[in-house]
Amino acid sequence: MRLSRLFGKTLRQTPSEAENISHRLLLKAGMIHQVAAGAYSYLPLGWRALRKVENIVRQEMDAIGGQELHMPVLQPLELWQQTERDRAFGKSLFTLSDRRDRKLVLAPTHEEVATELVRRNVQSYRDLPLLLYQIQTKFRDEPRPRGGLMRVREFTMKDMYSFDTDEDAMNVSYREIAQAYERIYQRCGLPALIVDADSGAIGGKESHEFMLIAESGEDQVLYCSNCDYAANLEKADSIKAENQEEEMLPLEEVATPGIITIEDLARFLDIPETKTLKAVFYAADGGIVFVVIRGDIEVNEVKLKNVLKCHELRLATEEEVKEAGLVAGSASPMGLTDIRRVADPSITLGTNFVAGANKPDAHVKNVNYPRDFEVDVMTDIATAKADEGCPTCGSKLLFTRGIEVGHVFKLGTFFSERLRATFLDPDGVGRPIFMGSYGIGIGRLLAAVIEQNHDDKGIIWPVSVAPYQVHLCTISTDDSEVASAADRLYLQLQEEDLEVLFDDRTESPGVKLNDADLLGMPVRVILSPRTLKSQSAEVKRRSEKDAMIIPLDGIVEKLKAILSR
RNA sequence: CGGGGUGUGGCGCAGUGGUUAGCGCGCAUGGUUUGGGACCAUGAGGUCGCCGGUUCAAAUCCGGCCACCCCGACCA
């Protein structure tokens, strides 16, 4: 491609809306263009890079026996009602009506349609296992699109679905696909970390995310300093420190005028926050839930949502709290019976806690579970923190941020049962198919590649995803010798199957060199009067500082060697 | 959805009531330049986000709306 003809211009100044690095560089390099919040055009260079990523993903999916197919984005809402995922996705689901006023959705993912399809085409255990995938556009009405390609409302996703006869077979598929994912990230030049994750709206039991560790990442990850435990904060467990053991003492009311928060309470009574019990009120699909947890620990709302099996979870409003007869700031699980109570096991990590008295300006000392109150559910709903104990080995947990570049789910029979996708086993017994679901956002992966591979001058594409392999550049453009030598080399490289971006513009050297750095092709080849004196070219890897002078004779082999290194 | 911010040529910005809305970059034409964002000259390009109001007069003041960005909530 001749740069003089390329659609998409580099900018000297980055558009001001760009915040993170990949967004800035993609805009500045003229590779993407925003159409609306979370909707982007890919210009030729950006699109080539995206296609490279796509092909890596495709190759690895094919390599494990995946069969590529294509399912529609436009789907009947009814299908989503059958699995109740219209509610699970809620407002993130794009819906529309057709001319006959039938309700349709723009698919955010394809479990329903894939299951339906398999239901029609699989009858016997002999048809299994099965790996189906597609690379296609998804729509999700994100509450807040952001970060350029990081979180968008329309995006290309590779989604694969596995179909197996039983749980063990599903686990085998799951493992194989996870390994294929590792190879994908490796080929894209990304060191991805696999972490335990919440299943969210996709459903199912177990799931893992692949994270690129990055400051700019939206996700929060806790990982063990010793063993290989790592989890999304939404999912992470930890071992909390236990309070010093004491003799249980009798209940004792204490006046706490104007004290509302745990922080104030601890200071007022001169006790650590770990000696208090915190009450938090939620509205779960409209119903009030009373949550009690040790004062120093935050409620993990994702865990709570999973426990309650509700679609919508939010903090209760002041009115709702009042209406339920609770006293915000001094609420207590004691004596409550008509409200659902959920407790975190942390309330047993100590004795003689201070809790609310269920009346204003008063708390109660020496509260002990289960001596003084009961709960309906006792289960882990605690947010883990750095420095707490690893749930696997007890060593210290560490915190980092990450970009989610892939997510895999064990779905079990959630979809096959609801959509009646069954097969006959060797004994002629009908059984639900065990499924898995595996997603990679291609555009986000591309953005992650840039987040991971850049410097202050621009992008540093890994060879595998670079739009072009070689950036050929002339200096002294009105020197006819340079021009004709460059034309010859351009043709020669292409004949040898190298992908070449040829900067044939009559720009000053500074402009051309800066653009070469910004655009970030792996190898830069410069022809100038200087290099032609010795019948050679200057060759420089984008990732390295120093250039080398290589004779034109035999340069193709040299370039190929450099690119395959 | 809550909080904050921004909308003025392609990009970055200036312009707090008064000619014909400016600057830098970019773009076009001609010329001089050519190893890290050169220079000169000439020129093209703007319903000042939209609607309404106030005023003799609005980019500027007032009201409403919209869009986009950031933080949070939420979300895969």
Side-chain angles (χ1 to χ4, degrees), chain A residues 8-20 23-24 27-30 33-40 85 88-93 107-111 138-148 150-153 155 157-159 197-204 207-211 216 218-219 232 234-235 301-302 305 311-315 317 402-409 437-441 444 457-458 473-479 482-483 503 505-518 524 526-533 537-538 540 547 549:
Chain A
K9 290 205 163 56
T10 58
L11 301 173
R12 297 229 173 166
Q13 271 148 321
T14 312
S16 54
E17 82 250 21
E19 195 61 28
N20 71 29
H23 191 197
R24 274 213 301 273
L27 285 172
K28 190 156 188 257
H33 177 254
Q34 185 175 33
V35 175
Y40 286 86
R85 288 218 303 171
F89 269 93
K91 286 190 159 171
S92 296
L93 192 65
T109 174
H110 278 69
E111 281 79 9
K138 300 280 185 271
F139 292 86
R140 296 183 188 183
D141 195 359
E142 289 294 334
R144 181 151 94 84
R146 68 185 99 160
M150 279 301 170
R151 181 168 291 276
V152 290
R153 297 191 295 174
F155 58 100
M157 177 168 162
K158 185 285 301 174
D159 45 323
D198 178 66
S199 297
I202 301 291
S207 102
H208 291 90
E209 289 166 334
F210 293 83
M211 292 283 184
S216 61
E218 296 181 77
D219 288 280
N232 190 310
E234 294 176 351
K235 174 78 176 179
E301 295 185 1
V302 173
K305 197 171 168 182
H311 293 297
E312 195 207 4
L313 181 73
R314 57 173 171 81
L315 285 171
T317 62
I403 300 168
E404 181 195 337
V405 289
H407 201 161
V408 295
F409 304 81
S437 165
Y438 316 84
I440 291 182
R444 186 187 285 180
K457 299 288 249 175
C473 185
T474 55
I475 278 170
S476 292
T477 47
D478 61 353
D479 185 316
V482 170
D503 189 349
R505 298 173 302 171
T506 55
E507 288 286 352
S508 70
V511 170
K512 299 179 85 164
L513 295 172
N514 276 306
D515 276 349
D517 287 340
L518 174 62
R524 188 185 75 190
I526 292 182
L527 285 180
S528 71
R530 217 157 79 187
T531 68
L532 282 182
K533 255 185 219 157
E538 178 196 293
K540 181 183 163 298
I549 301 298

Exercise. With heavy atoms under 4.0 Å as the rule, sort R505(A) into base, sugar-phosphate or nothing.
Key: nothing
Quiz item: How long is the line joining CZ of R314(A) and P of C75(B), in whole Å?
Solution: 13 Å
Quiz item: Do F139(A) and L93(A) have side-chain heavy atoms sitting under 4.5 Å apart?
Solution: no
Quiz prompt | Residue list, side-chain hydrogen bond (donor to acceptor under 3.5 Å, both in side chains) with T531(A), at least two apart or on another chain | solution = none
Self-check item: Which residues share a side-chain contact (heavy atoms from CB on, under 4.5 Å) with R505(A), sequence neighbours left out
Solution: L3(A), S4(A), D503(A), E507(A), V511(A), K512(A), D515(A)
Practice problem: Could you work out the separation of A59(B) and U8(B) based on their C1' atoms and round it to a whole Å? | Solution: 7 Å
Quiz item: Between C62(B) and G24(B), how far is it from one P atom to the other, in whole Å?
Solution: 31 Å
Practice problem: Would you classify T474(A) as touching base, sugar-phosphate or nothing, given that sugar-phosphate means primed atoms plus P, OP1 and OP2, and contacts are heavy atoms under 4.0 Å? | Solution: nothing
Quiz item: Given atom CG of L11(A) and atom C1' of G10(B), what is their separation to the nearest angstrom?
Solution: 8 Å
Self-check item: Counterpart base for C1(B), defined by Watson-Crick or G-U wobble contacts under 3.5 Å
Solution: G72(B)
Self-check item: All side-chain hydrogen bond (donor to acceptor under 3.5 Å, both in side chains) counterparts of R146(A), not counting sequence neighbours
Solution: E218(A)
Exercise. Quick one: list whatever passes side-chain contact (heavy atoms from CB on, under 4.5 Å) with K91(A), sequence neighbours left out.
Key: none
Quiz item: Checking all strands, does F155(A) fall into the base, sugar-phosphate, or nothing category for heavy-atom contacts under 4.0 angstrom?
Solution: base
Exercise. Could you give the distance separating A14(B) and G53(B) at their P atoms, to the nearest angstrom?
Key: 30 Å
Quiz prompt | Interatomic distance where NZ belongs to K533(A) and C1' belongs to G35(B) [whole Å] | solution = 12 Å
Self-check item: Base-contact (B) and sugar-phosphate-only (S) positions in nucleotides 22-32 of chain B, heavy-atom cut-off under 4.0 Å, - elsewhere
Solution: --BSS------
Quiz item: Listed by chain and number, what are the side-chain contact (heavy atoms from CB on, under 4.5 Å) partners of V152(A), not counting sequence neighbours?
Solution: Y40(A), F155(A)
Quiz prompt | Per-nucleotide protein contact string for nucleotides 65-72 of chain B, where B marks a base within reach and S marks sugar-phosphate only (heavy atoms under 4.0 Å, - for neither) | solution = ---SSBBB
Quiz prompt | C75(B) phosphate, OP1 or OP2, under 4.0 Å from K305(A) side-chain N/O | solution = yes
Practice problem: Using a heavy-atom cut-off of under 4.0 Å over every strand shown, decide if T14(A) touches base, sugar-phosphate, or nothing. | Solution: sugar-phosphate
Quiz item: Given the P atoms of C65(B) and U29(B), what is the spacing between them in whole Å?
Solution: 47 Å
Quiz item: R524(A) CZ to G35(B) P: how many Å, rounded?
Solution: 14 Å
Quiz item: Using the P atom in both, what is the distance from G64(B) to C70(B), to the nearest Å?
Solution: 26 Å
Quiz item: Contact class for K457(A) (heavy atom, under 4.0 Å): base, sugar-phosphate, or nothing?
Solution: base
Self-check item: Donor-acceptor pair present, S508(A) side chain and G37(B) base, under 3.5 Å
Solution: no
Quiz item: If the C1' atom of C48(B) is compared with that of G7(B), how far apart are they to the nearest Å?
Solution: 10 Å
Quiz item: Expressed in whole Å, how much space separates the P atoms belonging to C23(B) and A44(B)?
Solution: 13 Å
Self-check item: Under-4.0 Å salt bridge between K138(A) and D159(A)
Solution: yes
Practice problem: List the steps and the verdict of side-chain contact (heavy atoms from CB on, under 4.5 Å) for M157(A) and R140(A). | Solution: CA-CA 12 Å; M157(A) 177 168 162; R140(A) 296 183 188 183; 4.0 Å; yes
Quiz item: Taking only residues two or more places apart in sequence or in another chain, which ones pass ring-ring contact (aromatic ring centres under 6.0 Å, His included) with H110(A)?
Solution: none
Exercise. Using a 4.0 Å heavy-atom cut-off across all strands, classify D517(A) as base, sugar-phosphate, or nothing.
Key: base
Exercise. Please list, chain by chain and in numerical order, all residues satisfying side-chain contact (heavy atoms from CB on, under 4.5 Å) with A516(A), sequence neighbours excluded.
Key: H471(A), R524(A)
Self-check item: Spacing of the C1' atoms in C50(B) and A58(B) (rounded, Å)
Solution: 15 Å
